[in-house]
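Data block below; observations after.
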There are 4 protein chains.
Amino acid sequence: MVDKIQDKKKQKKERLEQAAYDLFSEQGFSETSIDQIARRAGVAKGTFYLYFPDKEALLNQVIFKCSSRIFKEAMQESRFKQLDDWVERVIVLIDYVIELFKERPNDLKVINKNLSWSMVGDQVEKGDGEGVDQEFAELLSYYLEQLEGRGYERKAAFQLIFMVVELVGAVCYSSLVLGQLGPIDELKPMLFETVRKMIRN
Amino acid sequence: MVDKIQDKKKQKKERLEQAAYDLFSEQGFSETSIDQIARRAGVAKGTFYLYFPDKEALLNQVIFKCSSRIFKEAMQESRFKQLDDWVERVIVLIDYVIELFKERPNDLKVINKNLSWSMVGDQVEKGDGEGVDQEFAELLSYYLEQLEGRGYERKAAFQLIFMVVELVGAVCYSSLVLGQLGPIDELKPMLFETVRKMIRN
Amino acid sequence: MVDKIQDKKKQKKERLEQAAYDLFSEQGFSETSIDQIARRAGVAKGTFYLYFPDKEALLNQVIFKCSSRIFKEAMQESRFKQLDDWVERVIVLIDYVIELFKERPNDLKVINKNLSWSMVGDQVEKGDGEGVDQEFAELLSYYLEQLEGRGYERKAAFQLIFMVVELVGAVCYSSLVLGQLGPIDELKPMLFETVRKMIRN
Amino acid sequence: MVDKIQDKKKQKKERLEQAAYDLFSEQGFSETSIDQIARRAGVAKGTFYLYFPDKEALLNQVIFKCSSRIFKEAMQESRFKQLDDWVERVIVLIDYVIELFKERPNDLKVINKNLSWSMVGDQVEKGDGEGVDQEFAELLSYYLEQLEGRGYERKAAFQLIFMVVELVGAVCYSSLVLGQLGPIDELKPMLFETVRKMIRN
DNA sequence: CATGAATGAGCATTCATTCAT
DNA sequence: AATGAATGAATGCTCATTCAT
């Protein structure tokens with residue numbers, strides 16, 4: 001009985017998130033009104049405030065879910081390919097991320113360049129709670145260890161990962177969202193080569 | 001006589017740009033109203049529309065001027081240091097840019113990660129008109145040639161420069177504006193090392 | 001068994017009143033939402049409507065209880081001091097009221113200047129029901145009789161009492177809530193003198 | 001030319017004040033929306049904010065103008081009757097005020113018991129600026145002097161005047177607005193007698 | 001009896017833009 | 001060219017009240 005209600009609430013929250021995701025990627029964050037979100041989610045405007053304290057909280061939620069999904073999917077896919085070379089494993093992961101962004105450029109638009117890393121980084125460091133971060137934390141730990149095993153200090157390893165993430169994000173954004181620099185496939189060789197140079201000791 | 005009038009107009013435009021720059025960096029773009037800009041510039045609200053079609057046009061102008069200034073200053077400074085190694089010349093230029101951003105973090109805030117490169121890139125490619133881009137074009141050409149002389153194709157060279165610019169921008173933004181990743185000086189070694197790896201053939 | 005349930009209901013109602021009293025005096029009536037009241041009382045929002053038809057009804061209840069309490073306490077206290085002079089007995093009663101307001105300025109805030117007398121007056125005249133007014137009625141009767149014994153007509157006596165109550169209320173409110181006119185203790189001599197002049201035949 | 005515009009602005013401001021006065025007295029302050037005020041004044045909602053920073057500022061303005069008008073009219077009328085006895089002059093002034101409130105009970109509703117004195121008192125003490133207070137200040141000074149001439153200290157004189165004002169206000173409000181205590185004319189004898197007792201040395 | 005999720009009208013306030021002067 | 005008064009649509013957010021469970 002109670003579960004049924006909780007279920008409905010969860011569904012409603014997800015409908016709001018989905019509606020927000022759609023609208024944010026279509027029109028951008030500040031051009032989207034709560035009225036629109038509520039209408040598209042099929043709930044009353046007031047209902048929105050039962051689930052989120054304000055618009056920005058919803059944005060964060062949406063961004064976080066978006067990045068999570070992308071990362072998780074890419075990780076799962078890349079697990080199948082078991083490569084000996086650690087560096088190539090990174091490249092494969094990045095390649096999957098790019099392919100996912102190619103399929104869903106809206107995700108890229110919503111995540112937006114500025115927000116992705118800081119959010120992810122924060123969540124990982126805090127170990128916040130809702131359980132999604134667990135996987136991130138593990139992934140991050142794995143790469144940090146790999147780099148530490150290659151002679152990098154922890155801090156340096158962190159910086160390096162940050163730079164790789166930012167670089168990949170920037171390239172994808174420019175190519176897939178802004179349409180600059182030509183098709184992403186033409187950028188891949190240089191991007192991969194750069195990443196290899198960056199993380200190979 | 002006519003020149004005098006033209007002068008006054010130019011001054012008014014610059015006052016508007018300056019006011020906008022101040023306010024954008026203090027409060028952000030969408031939190032700044034045209035009313036505030038006009039008031040701080042000492043002109044009537046209606047006057048704004050004699051000089052700019054809308055708020056966004058002003059933003060673009062401000063960003064462009066901002067980036068121009070930074071680049072030009074960095075270039076001028078870096079010219080004094082004549083290094084034999086081309087790669088080290090790049091590093092020195094980047095170092096100047098970082099030092100300038102350190103002094104004026106507001107510039108970084110206004111330029112914002114997403115906007116800088118696309119704008120600059122566009123301006124350079126189009127050869128837009130107001131003459132400021134001349135210097136950019138020259139700088140860009142110089143680096144493109146250097147890379148082409150080292151075996152890169154023109155397109156690849158362009159991609160590489162783009163990646164370097166984005167990387168530097170992202171690192172500066174995270175450190176200086178968001179306060180993440182620690183002080184910029186602690187990031188420099190890794191950043192410079194990465195750039196060296198990227199552009200050394 | 002039934003009593004137990006009735007008891008619980010009464011307790012719930014009192015918790016709602018107490019919560020409302022707290023919030024009204026902290027933030028004012030229209031700044032307080034039913035949501036807040038219910039939350040502080042530890043009941044569901046819907047439950048509120050089982051006990052009160054709307055917010056205003058609760059306000060009336062709260063004001064009434066508040067005034068009752070003050071008057072009753074003052075009366076009880078003043079009974080100990082047995083003075084021969086009737087006028088001085090009134091003064092002593094007023095002094096007690098003032099002292100109580102001094103201790104609990106929130107009561108004064110909630111009662112507010114406009115509401116006190118009209119409510120009390122209404123309750124006394126109607127003989128509303130919940131029994132609390134009994135004591136008021138007696139007190140009022142006593143003073144009316146005193147005045148009638150001194151040559152005032154009933155109507156005139158009523159007017160006089162009204163004026164005294166309003167005057168005391170206004171002075172307390174200005175001094176204790178608004179902080180005007182200086183400390184209440186400096187106002188007492190003039191206030192008492194005025195009341196003496198008013199009711200001495 | 002400029003005067004014409006200033007004139008129009010003044011007219012618009014007055015239309016807004018008039019509309020607010022009407023609505024406040026019809027429905028009360030917090031039940032009146034800015035939308036209603038603007039509509040009744042025949043201006044756009046945004047225009048309201050060109051003339052007043054917010055709703056409360058308008059309320060203060062309206063209350064102040066209201067009280068001013070009443071006092072000034074009463075003073076002017078009472079000047080004709082030249083009475084030797086100072087106390088009787090006060091009574092006549094009060095009588096005029098009551099008659100004015102009788103004609104315009106809405107004024108009483110708007111001024112409301114709580115607000116009148118504090119506002120007036122503040123304005124008089126500050127000597128604010130817009131010139132209306134001049135007359136108040138003079139009136140107040142006159143009465144203060146009279147009382148001081150009769151042996152009251154300045155502070156005591158101030159307290160006494162405060163009490164008289166509050167008393168008159170409370171009686172008028174109860175009778176004319178709340179309809180309690182019977183018609184005002186039946187209250188006058190007792191009220192005047194009380195005031196006489198209060199201010200006669 | 002009790003709950004609390006859902007509602008949607010309502011509100012104060014902002015602001016880009018226009019236009020008569 | 002310059003002004004700044006006027007506009008009114010738009011927005012984020014609140015809250016008393018209802019009602020299915």
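Values below: all heavy atoms of this structure, side chains included; hydrogens, waters and symmetry mates excluded.
- Atom P of nucleotide F:dA2 and atom CG of B:L16 are separated by 10 Å, given to the nearest angstrom.
- Residues from residues 20-28 of chain B placing a heavy atom under 4.0 Å of any atom in DNA chain F do not occur.
- Distance, B:K13 NZ to F:dA1 C1': 15 Å, rounded to whole Å.
- Between the NZ atom of A:K4 and the P atom of F:dA20 there is a distance of 15 Å, rounded to whole Å.
- Qualifying side chain to side chain contact (heavy atoms under 4.5 Å, CB included) partners for C:A44, counting only residues two or more places apart in sequence or in other chains: C:T47.
- Residue pairs meeting the salt bridge (Lys or Arg N to Asp or Glu O under 4.0 Å) criterion with at least one member in residues 32-45 of chain C, sequence neighbours excluded, are C:D22-C:R40, C:E26-C:R40, C:D35-C:R39, C:D35-C:K45.
- Applying the ring-ring contact (aromatic ring centres under 6.0 Å, His included) test to A:Y51 and every residue at least two apart in sequence or in another chain returns nothing.
- Nucleotide F:dC13 holds its P atom 11 Å from the CG atom of A:L58, rounded to whole Å.
- Computed from coordinates, the B:Q11 CD to F:dA1 C1' distance equals 15 Å when rounded to whole Å.
- The ring-ring contact (aromatic ring centres under 6.0 Å, His included) search around D:F29 returns D:F24, not counting sequence neighbours.
- With sequence neighbours left out, D:K55 forms a side-chain hydrogen bond (donor to acceptor under 3.5 Å, both in side chains) with no residue at all.
- By the side-chain hydrogen bond (donor to acceptor under 3.5 Å, both in side chains) test, B:E17 pairs with B:K65, sequence neighbours left out.
- Partners of B:T32 under the side-chain hydrogen bond (donor to acceptor under 3.5 Å, both in side chains) rule, at least two apart in sequence or in another chain, are B:Q27.
- The 5' end of DNA chain E is approached more closely, in terms of each residue's nearest nucleotide, by C:K12 than by the other of A:K9 and C:K12.
- One can place CD of D:Q6 at 8 Å from P of F:dA5, the figure rounded to the nearest angstrom.
- Remark: P of F:dG12 and CZ of A:F52 are 15 Å apart, rounded to the nearest angstrom.
- Going from atom NZ of A:K8 over to atom P of E:dG4 covers 17 Å, rounded to whole Å.
- Evaluation of the ring-ring contact (aromatic ring centres under 6.0 Å, His included) rule for B:F48 yields B:F52 as partners, not counting sequence neighbours.
- Legend: residues meeting side chain to side chain contact (heavy atoms under 4.5 Å, CB included) with A:V177, ordered by chain and number and at least two apart, are A:L108, A:K109, A:Y173.
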What is the per-nucleotide protein-contact pattern of nucleotides 10-16 of chain E, from the 5' end, where B denotes a base atom under 4.0 Å from a protein heavy atom, S denotes such proximity for sugar-phosphate atoms only, and - denotes neither? BSBBB-B

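- A donor-acceptor pair shorter than 3.5 Å can be found between the side chains of A:Y21 and A:D107.
- For DNA chain E, the stems formed by at least three consecutive Watson-Crick or G-U pairs, with both atom-pair distances below 3.5 Å, span E:2-21 with F:2-21.
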